[in-house]
Protein chains: 2
Amino acid sequence: MASDHTRSAILAAAERLYADRGFGDVTLRDIVAEANVNLAAVNYHFGSKDELIAELFVTRSIATNRERLRELKAAEEQGGGRAPIEVILHALVGPTLRGCLGPENQRSTAARFMIRASIESVPPIRRIKNREIDHLRKFAGAMRRALPERSDVDIYWGLNFALAMAHHTIRESERLTKLSEGKCDLDDVEDVVARVVSVATMALTAGKAETKAPSRVAAR
Amino acid sequence: MASDHTRSAILAAAERLYADRGFGDVTLRDIVAEANVNLAAVNYHFGSKDELIAELFVTRSIATNRERLRELKAAEEQGGGRAPIEVILHALVGPTLRGCLGPENQRSTAARFMIRASIESVPPIRRIKNREIDHLRKFAGAMRRALPERSDVDIYWGLNFALAMAHHTIRESERLTKLSEGKCDLDDVEDVVARVVSVATMALTAGKAETKAPSRVAAR
DNA sequence: TTGCAATTCAAACAGTTGTATGAAACTATC
DNA sequence: GATAGTTTCATACAACTGTTTGAATTGCAA
């Protein structure tokens, strides 16, 4: 129904501008200029600026989440309902990292947009992220099945740390490159994934699985 | 010189409001109302809104950085120029975590402000964060001395992951609490510090220190 | 072609924002 | 106590924001 041309021109232009310049200083007027459409078109097709941003972000994140679950489900089916922890973690952080890292010049607009979204955190996006908990619970469940002897607390901490390493590496990829003077190669995505998975696996499997980790470091 | 009263009233009010409601929807008019001063006072004392935000953030982060370096220096002196890696990591993430976590009702305004700053990331703050690299290099140096057999790449990745776990835990503390249904106790700060240090230590010491980690996970 | 709905457009609206101004009030020095 | 310098104040400014409006245009069905 209808031409849809204006709608997708707006989406494309908005994603491009947000990816390049951030949410902070891109106005509706910038977007419609880039898309060569009228100012009122945004409100006509999307209702409001926030709903435009939300639609962009939802589209991209359900794509990532679907990819994650696809990997997870495949792994669990292959293992008869139980997948190795490394594979679960790989399914958790792989799609995100693969979507956001890689050689900059061939990085898609979608990827750069998602990086922005993870750096700037604007209200409509934050609202959507808060609904991501159900999705994460599925991974917590799979991890529990993979490591039945492990306490829930340890599982959640492991999940938290895995996401931490993936997201922080994306957010601060520029700084890490500068800090390491280029020695850390952020373009070798599979190496990054392997590092994150490896550390997260250690976090989840090492030690005696004490319910409460004792402070191993002298406080002074 | 001068009473300074207005100046500090603005700083206090701004920090409180930003901590509570975020940078996005706190205007100069909100701040001066809370501080019971005139609108023009902000520009008179600070030059601009951005400079006010910058001053708030700089004050807090040099305090944290000083605390970090104090711990680091003490540890290296005690060890004759070489400190155990756990202690170095403890000095790196301890002050930040201690400053931003802990029981919410007794969490200082400064702490809540720094959490906001790490979540929202507004331009003047981002500019300052980019100058933090020199500070991090000091820790990279100490880590290299502690683990001379380790490659630079591994050192930087370890540093990156340590910061990742600390910052992400602060940023997403609310979500982690909700996800784990309260099982992860974010108020027990020293436990959190111990967990982060423990995992980061494993990341830096485990394995054969291959220059390039092989992909341990089947890609499919 | 006619009629009707969907879409586009130019223009204006209403609100908010950070900042600038110039006069008034204060404070301390001589 | 007059004076010079600092600080406060009410007010206005200028620009920008997302959104709305109502008329013009388009596309399609009868």
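Convention: sequence-line order gives letters A, B, ...; per-chain numbering from 1. Please read these numbers as outputs of a predicted model, since none were measured by experiment.
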Whole angstrom value for the distance that separates C1' of C/dA20 from CZ of B/Phe46: 18 Å

Can A/Glu67 and A/Arg70 be counted as an ion pair, charged N to O under 4.0 angstrom? yes

Could B/Arg195 and A/Asp154 be called an ion pair, given the rule that one side-chain N must be under 4.0 Å from one carboxylate O? yes

Rounding to an integer number of Å, can you tell me how far B/His45 NE2 sits from C/dG18 C1'? 17 Å

Pair B/Glu76 + B/Lys138, salt bridge at N-O below 4.0 Å: no

Verify the contact: side-chain N or O of A/Thr6 to OP1 or OP2 of C/dT8, cut-off strictly under 4.0 Å; return yes or no. yes

With the threshold set at 4.0 Å, does a side-chain nitrogen-carboxylate oxygen contact exist between A/Glu34 and A/Arg21? no

Tell me which residues in residues 50-59 of chain A lie within less than 4.0 Å of DNA chain D, going by non-hydrogen atoms. none

Can you confirm whether B/Glu174 is buried at CD, in the sense that more than 12 heavy atoms of other residues, nucleotides or ligands lie under 6.0 Å from that atom? no

Backbone N/O of A/Glu120 and side chain of A/Arg116: donor-acceptor pair under 3.5 Å: no

Rounding to an integer number of Å, can you tell me how far B/Ile10 CD1 sits from C/dT19 P? 13 Å

Measure OH/B/Tyr44 against C1'/C/dC26 and give the value in whole Å, please. 12 Å

Using heavy atoms and a sub-4.0 Å distance, could you list which residues of residues 25-32 of chain B are near DNA chain D? By number, please. B/Arg29

Any residue meeting salt bridge (Lys or Arg N to Asp or Glu O under 4.0 Å) with B/Arg144, in chain and number order, not counting sequence neighbours: B/Asp152

Look at the side chain of A/Asn43 and the backbone N and O of A/Ala40, then say whether any donor-acceptor pair between them is shorter than 3.5 Å. no

Do NZ/NE/NH1/NH2 and the carboxylate oxygens of A/Glu15 and A/Arg112 come within less than 4.0 Å? no

Sorted by chain and residue number, the side-chain hydrogen bond (donor to acceptor under 3.5 Å, both in side chains) partners of B/Asp50 (sequence neighbours excluded) come out as none

Does A/Arg7 use its side chain to pair, donor to acceptor, with the backbone of A/His45 at less than 3.5 Å? yes

With B for base contact, S for sugar-phosphate-only contact and - for none (protein heavy atoms under 4.0 Å), nucleotides 20-28 of chain D reads BB-------

Do B/Phe23 and B/Phe113 make the cut of ring centroids closer than 6.0 angstrom? yes

Among residues 14-24 of chain B, which contact DNA chain D at a heavy-atom distance under 4.0 Å? none

Evaluation steps, side chain to side chain contact (heavy atoms under 4.5 Å, CB included), between B/Glu172 and B/Leu179: CA-CA 10 Å; B/Glu172 307 286 343; B/Leu179 176 66; over 6 Å; no

